[in-house]
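Working notes for the structure below.
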Amino acid sequence: MAGTGTAHLRAETDVLLRVEDLVVEFHAEGGRVKAVSGISLDVAEGETLGLVGESGCGKSTTGRAVMQLPRPTSGSVRFAGVELTELTGDALRRMRPRMQMVFQDPISSLNPRRKVGDIVAEGLDIWGVGDQGTRRARVDDMLGAVGLDPDTTRDRRPHEFSGGQCQRISIARAVITDPQLIICDEPVSALDVSVQAQILNVLEDMKQRYDLTMLFIAHDLAVVKNVSDRVAVMYLGKLCEVGPPD
């Protein structure tokens with residue numbers, strides 16, 4: 001049992017992400033709502049940590065707070081030895097490519113006005129990686145890696161694809177900046193069961209191919225068991241158990 005303490009955390013030299021006493025509060029009518037109440041967790045490099053719990057327990061808020069979206073009310077978030085809660089402006093912005101997120105709703109997370117090739121390439125464009133030809137080749141490689149044909153996908157818009165295909169596009173967009181950490185916020189809960197298995201296989205393949213570390217947020221215990229190296233269980237904003245998937 002982990003509770004709200006830190007006894008279950010490993011040595012900082014062994015982990016890529018270390019969260020301690022994380023608290024996230026939101027203003028509400030009549031006071032403040034504590035969405036996350038002092039949880040602590042760590043993720044070793046190359047590991048997948050499954051964060052599981054019922055709807056409303058604070059899983060997604062925890063994932064977003066790690067990204068500093070929103071900023072935690074208090075607590076520590078150390079990524080690759082850097083304290084993210086102390087970074088502001090350009091320093092925090094430069095950490096963004098190293099941490100990426102795959103969102104729950106694959107369709108609404110993609111800009112409907114932009115072509116798929118531009119959506120996937122946006123991170124490369126922002127950081128000026130290579131020339132236009134290099135970026136296009138990299139986008140094509142990434143689309144192929146997630147199981148999409150670049151020639152038939154690149155110039156189409158998100159509404160022309162199914163939910164599963166849009167989630168593949170979202171994964172390509174997340175991985176193209178060569179991140180170390182991917183936070184998957186219930187990436188398959190909005191998809192049909194048959195498509196869920198395909199997306200989980202894509203995530204596992206991308207993890208192996210690009211040496212990724214993952215924080216996998218879900219409420220489906222079977223899914224979490226299949227993809228995780230360790231599992232953390234949340235309830236009412238607190239971490240109540242950490243252990244192996246079995």
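Atoms considered below: every heavy atom in the structure, side chains included; atoms not considered: hydrogens, waters and symmetry mates. The first residue in the sequence is number 1, and the count goes up from there.
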List the atom pairs, donor and acceptor, that lie under 3.5 Å between side-chain atoms in residues 110-128 and the rest of the protein, sequence neighbours left out.
unit_1 : atom_1 : unit_2 : atom_2 : d
N111   : OD1    : R113   : N      : 3.0
D125   : OD1    : R135   : NE     : 2.7

Inset, instruction - Decide yes or no on side-chain contact (heavy atoms from CB on, under 4.5 Å) for R64 and M101, but give the supporting numbers first. - result: CA-CA 9 Å; R64 292 169 183 264; M101 202 159 187; 3.7 Å; yes
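Of the options I183, T213, L181, a side chain to side chain contact (heavy atoms under 4.5 Å, CB included) to L17 is made by L181 and by none of the others.
Using a 3.5 Å distance cut-off with no hydrogens or angles, the side chains of S76 and E83 do pair a donor with an acceptor. Residues Q104 and S189 have side chains that bring a donor and an acceptor to within less than 3.5 angstrom of each other.
Put simply, the side chain of T48 never gets that close to the backbone of S228: no donor and acceptor are under 3.5 Å apart. Side-chain atoms of T153 do not come within 3.5 Å of backbone N or O of P150 as any donor-acceptor pair.
A distance of 12.5 Å separates OH of Y235 from OG of S37, quoted to the nearest 0.5 Å. Separating the CG atom in D90 from the CE atom in M95 is a distance of 12.5 Å, to the nearest 0.5 Å. A distance of 12.5 Å separates CG of L200 from CG of D205, quoted to the nearest 0.5 Å.
By the neighbour-count criterion of 12 heavy atoms within 6.0 Å, atom CZ of R136 is sparsely surrounded, having that number or fewer from other residues, nucleotides or ligands. A 6.0 Å sphere centred on CZ of F26 holds more than 12 heavy atoms belonging to other residues, nucleotides or ligands. Under a cut-off of 6.0 angstrom, the local environment of CD in Q132 is sparse, with at most 12 non-hydrogen atoms contributed by other residues, nucleotides or ligands.
No cation-pi contact links R98 to F79, judged by a cut-off of 6.0 Å to the six-membered ring centre and 45° from its axis.
With hydrophobic clusters built from ILVMFWY side chains whose heavy atoms lie under 4.5 angstrom apart, L41 does not share a cluster with V23. Note on L212 and M99: separate hydrophobic clusters, where clusters join Ile, Leu, Val, Met, Phe, Trp and Tyr whose side-chain heavy atoms are under 4.5 Å apart, directly or indirectly. Grouping the Ile, Leu, Val, Met, Phe, Trp and Tyr side chains by contacts below 4.5 angstrom, directly or via other members, places M214 apart from L239.
A salt bridge links E186 to K59: one of the charged nitrogens lies within less than 4.0 Å of a carboxylate oxygen. We find that D229 and K207 are joined by a salt bridge, their nearest charged nitrogen and carboxylate oxygen being less than 4.0 Å apart.
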